[in-house]
Amino acid sequence: LALFFDERSDDPGVHALIVGVSDYPFLKPPGKKPHEAAYGMSKLSACAASAMRLADWLVANREKLINRFGQRVPLASIRILATPTAEEKQRDPRLASVEAATLRNFRVATAAWREDARLSKESVTWFYFAGHGVQRSLGDAVLLLEEFGDGIGGVLASGAAVADIRNAMSPDQDKRKKIARTQYWFIDACNTFPKEFAKLQQVRVASVFDEDIPSGTDDRMAPIYFAALSGAKAYAVRDQHTIFNQALLSCLEGGGGDNREIDGREQWCITSGTLDDRLHAYIDELNARHGADQEARIEAPGRDTVMAYLDGPPPVEVRIEIEPPAALQVTRIALIDDYDATPLPLTKPLSPHPFIGKVSAGYYRVGGTIEPPTSPYQDRPLKTCRIEPPRTRLTIPVVKR
Amino acid sequence: MKGTIEFDTRFKSFDFQELDLPVELRRPSYALVSRSIRSKPVSVEPGAYHVSATLPTGVEIFATVHVEPGKSVTAVLTPDAAAESPHESHEWQHFVVAPFAPGGRPEAASSVAYLRSWKGNALNGRCKTTTPTRLRPRYSNTIDLAEFGVTPSAATQYVQLTSADGQRVTVAVPGSTNRGAVVSTRRSTEGVRIAVRLHSSAAALLLGYLAHDRSRMAGDMTDAMDAEGLLRNKTDDPVAAAVGAYSLLQMNAIERLHDWDANLMNWFTWLPDGAAIRGEHLARLGRHQEALDAFLKLRERGLPMFSRGLSYAIERLRLYQSAQKQPFDRKTRAAIDAFLGNLTTVAAYVDYGEPVTTIVGVDPDQVFAARPKNRPASADALSLAGYLFPKEARKPSRLTVSASLLKKKAREVLAATAAAASAIAIATRKDAPLKATARGAGKKTIAASRAKSTAGKGKATRAASKRYAVSAAAAKAAAKKSAAKAVAKKGTTKKGVARKAIAKTGGPKKSVAKKAVTRK
């Protein structure tokens with residue numbers, strides 16, 4: 001299979017396998033009654049585009065990726081499998097030329113991906129799947145590939161189990177002694193257990209590898225980010241991207257940023273821990289905007305590890321409000337940063353009110369003075385506040401509670 | 001010369017005050033300096049620092065300190081007035097389970113909700129209800145919170161919350177031979193919810209972070225606190241040791257498990273999680289035959305009390321079952337197949353979203369039934385009326401009547417009055433209070449109202465609601481239905497019940513025996 005990005009060398013590198021299945025050919029479009037073998041599932045509209053979006057981010061940040069040992073590791077390869085809808089292909093013609101997310105292609109791509117990954121412990125792998133999925137246990141899910149619902153074989157004959165793939169990517173004394181010890185897994189699929197799948201646990205899934213039981217110690221750092229809680233669904237904004245993908249990209253583009261001391265220098269970066277923290281925050285925000293109720297979760301988090309460097313602190317939307325609004329005319333608001341500078345043009349009276357602006361993430365001091373002194377209002381002395389992505393709301397009360 | 005930052009917290013309750021919360025230290029530039037826990041001071045360069053802690057429910061507490069060379073300063077972390085718990089007694093719920101809305105009072109939900117306790121091995125369906133006296137009322141404000149202590153036991157115990165319409169949620173109670181646990185029931189606008197709190201505060205807090213998917217904080221806590229200490233002190237509290245071991249496995253810090261989990265498995269044979277933890281540890285070390293032996297011990301020991309243990313067992317056994325090159329003999333493979341079948345059948349009813357094993361929609365003894373017949377809650381349950389609901393809805397306190405006690409009484413009655421008939425009464429419903437019935441009948445008669453409406457109709461489906469609130473609306477509807485039925489039968493008043501009971505006295509013995517059989 002052709003690689004979407006290929007700069008492989010003998011050195012450690014980042015190897016990504018990215019899969020997005022939107023146009024399940026054997027499922028009906030949403031709104032139409034699904035056929036029996038579909039177990040209530042219908043075609044999706046945003047998974048292939050979501051997969052491509054993550055690939056684009058990796059390419060754009062190919063020099064900023066880090067392994068668990070703190071070493072910078074360049075992007076070496078990206079394999080994409082996608083089954084896009086016609087609309088997705090229209091919006092991004094590149095999707096028309098990538099390989100389809102069939103079981104066969106998935107097997108081929110996964111095997112090749114593992115071959116690349118097993119050359120160096122210092123390498124890093126990224127795995128992303130967007131599509132339909134079914135939960136089997138806390139750390140396992142069945143990823144449903146393009147053929148799902150074709151009625152051939154068992155219910156999950158075209159499904160690949162995350163646990164099987166992770167197992168095949170684990171260190172093995174004989175075969176995979178040097179496999180990448182930094183592995184990031186993103187499962188952007190529902191984590192439900194359909195009622196109809198009461199016997200699912202005993203249903204066989206597709207075998208991706210001819211696998212033996214691995215020997216040796218599993219010393220990977222391999223967190224799995226699930227798009228949904230156990231028993232819950234994952235959502236997408238129709239014809240755009242999945243909620244999880246939007247939140248993930250917002251984090252990777254800076255929203256998941258944290259300031260760490262690395263080799264005696266302060267460096268803004270994304271870490272596996274802050275990614276977990278902020279994914280929740282971004283998903284909450286997207287839920288509120290789109291009326292969804294999705295919640296992500298992480299399994300096997302391991303230690304908080306730097307994933308990628310950022311150029312600087314992420315900009316954060318901040319909303320400043322005076323409480324009560326009746327005090328607006330007599331209140332002067334101050335927002336002061338670490339260098340005693342005022343990053344926002346805050347006027348008296350504050351205009352507009354509430355004031356919305358963008359500042360860099362970090363600590364600030366915020367307060368309000370009443371000019372001229374007016375009863376019943378009182379000054380609000382400067383108080384430290386933390387401004388963090390995705391957005392922060394600062395309410396300055398100038399009446400004694 | 002460096003200075004030192006010590007940490008202190010200001011909460012309303014002593015229990016919470018002493019908790020080793022994970023704390024974070026940052027420079028004014030936002031650079032992370034260190035992560036620690038409340039009891040562990042940090043040595044830093046002189047300067048200004050911001051200290052913060054995030055509680056499991058997401059409440060954040062801050063402090064700013066200036067450190068001078070060679071001196072020590074204490075960062076006192078206090079919740080803002082807006083984020084405070086409404087009462088000292090509510091602090092654990094507010095900061096660890098789910099925050100209380102400021103000034104919010106729960107709507108007048110129906111009082112038809114019950115607690116039952118179970119004991120046994122859900123992996124072979126051999127579970128029995130036990131006497132509710134194992135649930136000792138510990139705190140109740142009859143408004144929104146009631147807590148019950150669970151008597152320690154060297155067996156897996158469960159507490160079940162049921163509603164009048166048959167919804168049921170069964171939660172493992174991780175208590176040990178010398179440490180019990182606390183079950184809390186809470187009324188909110190969503191209905192009634194149940195949560196279990198471990199005896200060890202550190203383990204309970206760790207579990208709180210995991211329940212709220214705050215893995216980073218759980219990881220920080222595992223890193224900074226002595227998670228190994230929890231494990232090392234397993235003789236004192238093996239359940240806390242299991243939580244410590246699970247968090248080390250989550251962090252993949254397997255070297256920190258040493259071999260202590262072997263003792264956890266071998267010394268506490270009543271604790272299923274010891275076998276699950278040891279099995280997963282050995283599997284990660286590549287010692288698969290020993291790992292399999294450990295996992296297979298669950299057959300006798302039962303369902304792990306923490307869902308992660310069940311998940312580990314299923315994932316590993318699936319791997320062993322499906323391996324192309326089988327290291328196991330045919331007999332062992334057959335054992336794997338059979339046991340995996342059991343585990344996965346149970347898993348179909350387990351909510352993995354809860355760190356403590358939670359069975360949804362079916363009684364623990366009905367998991368393997370083709371058509372589960374869930375027992376009605378009224379037989380052996382503790383009504384939450386009087387504990388969780390206001391005075392006007394309060395029921396007589398003698399609602400905690402166990403099935404076995406009632407059966408015993410019935411046998412006594414039958415023996416003493418061979419010619420007399422009795423109907424066995426269960427009084428957990430509003431319309432059939434036992435005390436009133438007995439008094440009304442005036443004899444050894446026990447009333448005959450088996451609350452039909454409380455019987456689950458065997459719907460073995462998973463609850464739609466994530467957090468297991470027995471929905472207020474459903475409870476209301478059920479209460480309405482039950483009230484209507486009661487009115488129709490004219491058996492709602494004490495007088496009415498008494499009349500009914502008297503009318504039945506003297507009936508044929510045969511009918512009593514028949515009833516007793518049907519009841520089973």
Side-chain angles (χ1 to χ4, degrees), chain A residues 135-140 161 163-164 167 172-173 193 195 197-202 204 207 210-223 229-232 258-261 266 272-274 276-277 280 295-304 313 338 361-363 384-386 401, chain B residues 26-33 35 50 52 54 60 62 64 81-82 213-220 223 249-254 283-286 288 307-308 310-315 318-320 322-327 340-341 343-345 347-348 351-354 360 460-462 466:
Chain A
Q135 183 188 29
R136 292 215 300 184
S137 62
L138 265 174
D140 193 12
D164 289 351
N167 179 54
D172 181 281
Q173 270 182 342
F193 185 85
K195 241 191 312 188
F197 283 10
K199 299 283 178 192
L200 174 77
Q201 310 268 354
Q202 289 156 29
R204 298 276 178 183
S207 167
D210 275 344
E211 210 39 68
D212 295 336
I213 298 168
S215 61
T217 303
D218 187 350
D219 56 354
R220 282 176 294 175
M221 192 276 180
L229 292 180
S230 295
D258 198 7
N259 192 359
R260 297 287 169 94
E261 277 187 2
E266 289 186 9
S272 58
T274 50
D276 179 31
D277 289 349
H280 288 98
E295 277 184 69
R297 74 180 174 92
I298 184 173
E299 264 304 300
R303 295 181 73 91
D304 190 8
D338 192 26
Y363 286 108
T384 302
C385 62
R386 190 162 67 177
R401 282 180 182 168
Chain B
R26 289 181 183 269
R27 292 188 201 285
S29 62
Y30 201 77
L32 179 69
V33 175
R35 284 177 174 149
H50 297 297
S52 66
T54 305
E60 292 192 326
F62 294 95
T64 301
D213 289 297
R214 297 189 190 280
S215 302
R216 215 252 306 134
M217 279 86 178
D220 290 350
D223 251 0
L249 283 171
Q250 268 288 83
M251 300 291 293
N252 206 17
I254 49 176
R284 290 193 197 179
L285 293 173
H288 296 287
S307 52
R308 196 163 299 283
L310 173 65
S311 188
Y312 285 150
I314 289 177
E315 285 166 30
R318 272 211 190 102
L319 167 68
Y320 299 153
S322 62
Q324 302 287 319
K325 200 174 162 187
Q326 275 289 343
L340 189 56
L343 285 173
T344 52
T345 304
D351 180 352
Y352 285 116
E354 298 294 331
V360 183
T461 52
R462 291 165 66 83
K466 173 71 195 73

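Throughout, protein chains are lettered first and strands after them, A, B, ... in sequence-line order, and every chain is numbered starting at 1.
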Practice problem: Quick one: closest heavy-atom pair of A:I298 and B:S215, and the distance? | Solution: CG2-OG, 3.1 Å
Quiz prompt | Partner set under side-chain contact (heavy atoms from CB on, under 4.5 Å) for B:H50, not counting sequence neighbours | solution = A:Y363, A:T384, B:P28, B:T64
Exercise. Let me know if B:I254 has heavy atoms under 4.5 Å from chain A in its side chain, its backbone, both or neither.
Key: side chain
Exercise. With a 4.5 Å cut-off on heavy-atom pairs, point out which of A:A300, A:S215, A:A163 contacts chain B the most.
Key: A:A300
Quiz item: What part of A:D172 is in contact with chain B, defined as an atom under 4.5 angstrom from a non-hydrogen atom: side chain, backbone, both or neither?
Solution: neither
Quiz item: Atom CZ of B:R318 and atom CZ of A:R204: how far apart are they, to the nearest 0.5 Å?
Solution: 10.0 Å
Practice problem: Count the heavy-atom pairs under 4.5 Å between each of A:A296, A:P313, A:G302 and chain B, then report the option with the highest count. | Solution: A:G302
Quiz item: Which atom names give the shortest non-hydrogen contact between A:D304 and B:R216, and what distance separates them?
Solution: OD2-CD, 3.8 Å
Quiz prompt | Part of B:S307 within contact of chain A (heavy atom distance under 4.5 Å) | solution = both
Quiz item: Given the options A:P223, A:S207, A:P301, A:A161, which has more heavy-atom pairs under 4.5 Å with chain B than any of the others?
Solution: A:P301
Self-check item: Pairs of heavy atoms under 4.5 Å with chain B: top-ranked of A:T274, A:D258, A:D219, A:D164
Solution: A:D258
Exercise. Would you check if the side chain of A:D338 reaches a backbone N or O of B:Y30 as a donor-acceptor pair within less than 3.5 Å?
Key: no
Quiz prompt | Heavy-atom contact with chain A under 4.5 Å, split by part of B:R35 | solution = side chain
Practice problem: Compare every heavy atom of B:Y320 with every heavy atom of A:I213, then report the nearest pair and how far apart it is. | Solution: CD1-CD2, 3.6 Å
Quiz prompt | Atom CZ of A:R386 with >12 non-hydrogen neighbours under 6.0 angstrom | solution = yes
Quiz item: Where on A:S272 is there a heavy atom nearer than 4.5 Å to chain B: the side chain, the backbone, both, or neither?
Solution: neither
Practice problem: Name the option with the most non-hydrogen atom pairs under 4.5 Å to chain A; the candidates are B:A218, B:A253, B:S311. | Solution: B:S311
Quiz prompt | chain B contact via A:R220 - side chain, backbone, both or neither, heavy atoms under 4.5 Å | solution = backbone
Exercise. State the CD-OH distance between A:Q135 and B:Y352, to the nearest 0.5 angstrom.
Key: 7.0 Å
Quiz item: Which atom names give the shortest non-hydrogen contact between A:P214 and B:L319, and what distance separates them?
Solution: CD-CD2, 4.3 Å
Practice problem: May I ask you to name which of A:D277, A:N167, A:L138 has the most heavy-atom pairs under 4.5 Å with chain B? | Solution: A:L138
Exercise. State, to 0.1 Å, how close B:D213 and A:D276 come at their nearest heavy-atom pair, and which atoms those are.
Key: O-OD2, 4.0 Å
Quiz item: Is the side chain of A:D140 donor-acceptor paired with the backbone N or O of B:E315 at a distance under 3.5 Å, no angle test?
Solution: no
Quiz prompt | chain A contacts, top residue of B:H288, B:Q250, B:M251 (heavy-atom pairs, under 4.5 Å) | solution = B:Q250
Quiz item: Can you name the nearest heavy-atom pair linking A:N259 to B:S29, along with the distance?
Solution: ND2-O, 3.1 Å
Quiz item: Which value, rounded to the nearest 0.5 Å, describes the distance between A:E266 atom CD and B:R27 atom CZ?
Solution: 6.5 Å
